[in-house]
Amino acid sequence: MDLKDLNPMQRRAAEQLEGPVLILAGAGSGKTRTLTYRVANLLSHGVPAWRILALTFTNKAAREMQERIERLAGAGAGDAWIGTFHSICCRILRRDIEKLGYERNFTIYDDDDQQRVIKALLKELDIDDKYLPPKTVSAAISDAKNRLLSLDEWLKEAHGDYKSQKIHDVMTRYEQRLRAANALDFDDLLMKTIQLFLDHPPVLDYYQQRFQYVHVDEYQDTNYAQYQLVRLLTKESRNLCVVGDDDQSIYGWRGADIRNILDFEKDYPDAFVIKLEQNYRSTANILDAANQIIAHNEGRKEKELWTEDGEGEKIALYAAADERDEAAWIAANIGRLHAAGMGWGHMAILYRMHALSRVLEETLMRAGIAYRVYGGTRFYDRKEVRDILAYLRVIENPADDVSLSRIINVPKRAIGDSTVEQMTEFAHRNDMSLYATVAAPPDTLGGRAKKSVQSFANMMAQFLIAREMLPLGELVQKVIDEAGLIAQYEKEGEQDEENQARIENIREFMSAVTEFEQKSEDKTLFAFLENVALVTELDNQEDTPNFVTLMTLHSAKGLEYDAVFLSGMEEGIFPSARATQEENRLEEERRLCYVGVTRARKYLYLSYAQRRMLFNQMQFNPPSCFIREIPKRLLREEYGAAQRSAPGGGWGSYGGSGMRPQGGYGQVRPNYGFGDSVPQRRGVGRVPGGYGNRAGAVGAGGSRTAATPGNPLGIPGVQRGFVGSQARGIDIQLFKPGDKVMHRKYGKGTVREVTGTGENARISILFPVFGEKVFALSIAPIVKVEE
DNA sequence: GTTTCTAATATTTTT
DNA sequence: TATTAGAAAC
């Protein structure tokens, strides 16, 4: 194996094939590269690919590793098991889960399903969900499973007070329900695998023998269960190579235990430890800042990133008057970078929480900047998509009560809540599944209800038969047609934008099925459902999209951009209000900041708002403590027009007609050259129906065809794209005569003139076909388009 | 049984 | 601000 492309440290790590190895890989130090070469090196030393296991946290990381290994070592590497903890466990369980008393076609319950079960149980047990929120229960369930505690052990640890006792009651029933439904939650995938190993030594023995070389990526994020799983697998071979960075441990609140990586050398005294500190991503200034910030944490493995590259630009810092000013500053800089030749796809805006994205979106949209928001509601989380999925899950596993009760009256077929409740109760009393009850409804049901239930049961029975006969795609099509999943939305109204979007989403789902059928080796319904459960949108993110990316700091881990904007750098937001209480939490926030800073290759922009409207409350937060932790010499402070003596040239032209910050006291904000400005107004002219996901992944009507930013084609993964914002009739739009715009109904047109201010602002637009039309600027469904 | 309205409530979320 | 769950009205 030729390792000359690696630096000395990387090479050393890739050469150490035997025994426990800890690679402490700082951000941007070529971690994946090193791991990839190591695996390729194993292969070149004659280790068969099927003896190699690599565990990651994201599908993206897994796929990337797989591809890179195959590129280095050829297609033979395909026999290695490279996947997420969850998917590998799923694979192991699918083979042997019958030994634990489950059937092989088990269903995977996601967080939403889990919540549903818990809510139902709280109701049954007559527990007030204000006294005991479902989230508390699911957190407890997760906690117990992550720590491999039995429910009784968990209760003991929780001091056994009254509330814990109640939680314990719910947990116990929850476990019974899932078992009866032949379902596993995410944490079960890990826990049951370990249980399988412990209860059935021959199974463990098989995998121990098989996987002679085990790798774990992002080791700092492992929880106790994952730690044990790895320990069990490598007990005999002791060939365990873990890669991670304690400074990037940001999932402690989810059970990740940073001690796993900190104590690796205690667990394996003979471990070979190597640090990768040379950074290939960022400029020296950015690294300097990152190093200084993270140095404030205690109890970490000393590391200092360095680079051979130059200092680069200073880090820009902007004290915005409010969140709109902040967004405008960001948009202006994005515009300037783009004008200087940087592609949209090389820039990202990061924030601590999704709630901060709204203002950014509005501003970007008005500025004509193509953007995309990652995270939040995913494609497969949309109601209409989940409905189809629920059908499919019942077809695969009729014992799945949660899914069945979801669809029993979707589309509406006159099986009301009381009927469902009656049958559910009957099912529980007789220890049978809801499906069985539906198939043979009890006589206590009224005649009308019974009839509806029977015809539903007949339809489902048909589907179960079809499952055996039809290929996946045809089966799904049959379900959509015969259950009337599209028809229900067509009936409700053709021109209703929301219904249109839902229909489009269902079609989109169909094409996802088709794509799966074409690409996947295993074309079974089970495999498809597993894929849906374990693969997220973030995994499908394009490498170089033509959009500015907006996402939370958490989702940014592992990614890099030429220019990164860290917004909302305020105490109480970042670090979050809760984190400032405890020192431990603050350290994790600091690591999150470190992660954010080290995403940037060339340019880093920090901003905070002195006044911020959040959750309908005005906040006045001091700048984030993390800003103070960056040496002044690395910063270049920028000021808004109000603070500035002379306007800067170039991209921004200042003045305008005086946009006023919200709340409207005297300060004049710069108009960053998005055309003529109009006094700002809020909360007026909203298109009924709300905002955001309602528009779904796909824009409706004319906006779809517009060559506009956002998500015109409805690609999954876009939570709140362009269309949603547009449909809302935003507060203020900046247009000037000559601008090309797109109207939702009339299509493309040219702005004639803009008159009036505030609510009276009118815009006159000339349309090629419809002629000149005048709209109230505040509510007109128009957006600016580029020629 | 279904639709519509009101009121509470809101970190982060690899699977 | 916007969503969403649950109650009240249809």
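Reckoned from all heavy atoms, side chains included, excluding hydrogens, waters and symmetry mates. Order of the sequence lines fixes the chain letters, A, B, ..., with proteins taken first and strands second; residue numbering starts at 1 for each chain.
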To the nearest Å, give me how far apart [atom1] ([X]) and [atom2] ([N]) are.
X      : N      : atom1 : atom2 : value
A:M551 : B:dT14 : CE    : C1'   : 13 Å
A:R382 : C:dT3  : CZ    : P     : 13 Å
A:K31  : B:dT14 : NZ    : P     : 16 Å
A:D113 : B:dT13 : CG    : P     : 20 Å
A:L566 : B:dT12 : CG    : C1'   : 15 Å
A:D128 : C:dG6  : CG    : C1'   : 13 Å
A:K135 : C:dA5  : NZ    : C1'   : 14 Å
A:L614 : B:dA10 : CG    : C1'   : 9 Å

Q. Looking at B:dT12, does its base get a donor-acceptor pair with the side chain of A:R585 below 3.5 Å?
A.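 Donor-acceptor pair under 3.5 Å: no.
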Q) B:dT11 base to A:R352 side chain: any donor-acceptor pair below 3.5 Å? A)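 When only heavy-atom distances are counted, A:R352 does not reach the base of B:dT11 through any donor-acceptor pair under 3.5 Å.
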Counting side-chain heavy atoms from C-beta on, which of [options] comes nearest to [X]?
X      : options                : result
A:R358 : C:dT1, B:dT13, B:dT14  : C:dT1
A:D221 : B:dG1, B:dT14, B:dT2   : B:dT14
A:W253 : B:dT14, B:dT13, C:dA5  : B:dT13
A:L534 : B:dT15, B:dT11, B:dT14 : B:dT15
A:M353 : B:dT11, C:dA5, B:dT15  : B:dT11
A:E589 : B:dT11, B:dT15, B:dT14 : B:dT11

Below 4.0 angstrom from OP1 or OP2 of [N], is there any side-chain N or O of [X]?
X      : N      : answer
A:S418 : B:dG1  : yes
A:K383 : C:dT4  : no
A:S555 : B:dT14 : no
A:N409 : B:dT2  : yes
A:T58  : B:dT15 : no
A:H354 : B:dA10 : no

Q) Any idea how A:F57 and A:F85 line up, ring-wise: parallel (<30°), tilted (30 to 60°), or perpendicular (>60°)? A)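 Geometry flag for A:F85 against A:F57: tilted rings.
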Q) With a non-hydrogen cut-off below 4.0 angstrom, is A:T419 in contact with a base, only sugar-phosphate, or nothing? A)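 Sugar-phosphate only.
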Q: Please work out if A:Y251 contacts a base, only the sugar-phosphate, or nothing of the nucleic acid, heavy-atom cut-off 4.0 Å.
A: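 Answer is base: heavy atoms of A:Y251 come under 4.0 Å of a base.
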(Q) Quick check: do A:E326 and A:V359 have side-chain heavy atoms less than 4.5 Å from each other? (A)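 No; the side chains remain at least 4.5 Å from each other.
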**Q.** Syn/anti state of B:dT11 by chi, 90° boundary around 0
**A.**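 Syn, since the glycosidic angle lies within 90° of 0.
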Q | Flag if over 12 foreign heavy atoms under 6.0 Å of CG, A:D522 | A |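 Counting neighbours around CG of A:D522, more than 12 heavy atoms of other residues, nucleotides or ligands fall under 6.0 Å, so yes.
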Q: Mark yes when over 12 heavy atoms from residues, nucleotides or ligands other than A:K383 sit less than 6.0 Å from its NZ; otherwise mark no.
A: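 More than 12 within 6.0 Å, yes.
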(Q) Quick one about A:S138 and A:Q114 (side-chain donor to acceptor, distance below 3.5 Å, no hydrogens or angles considered), yes or no? (A)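 The answer is no; no qualifying pair exists.
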Q. Starting at the 5' end of DNA chain B, which residue's closest nucleotide do you reach first, A:I250 or A:A414?
A.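 Per heavy-atom nearest nucleotide, the more 5' residue is A:A414.
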Q) What integer number of Å spans the P atoms of C:dT4 and B:dT13? A)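 16 Å, rounded to whole Å.
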Q. Is the shortest side-chain N to carboxylate O distance from A:K192 to A:D187 below 4.0 Å?
A.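 No, no charged N to carboxylate O under 4.0 Å.
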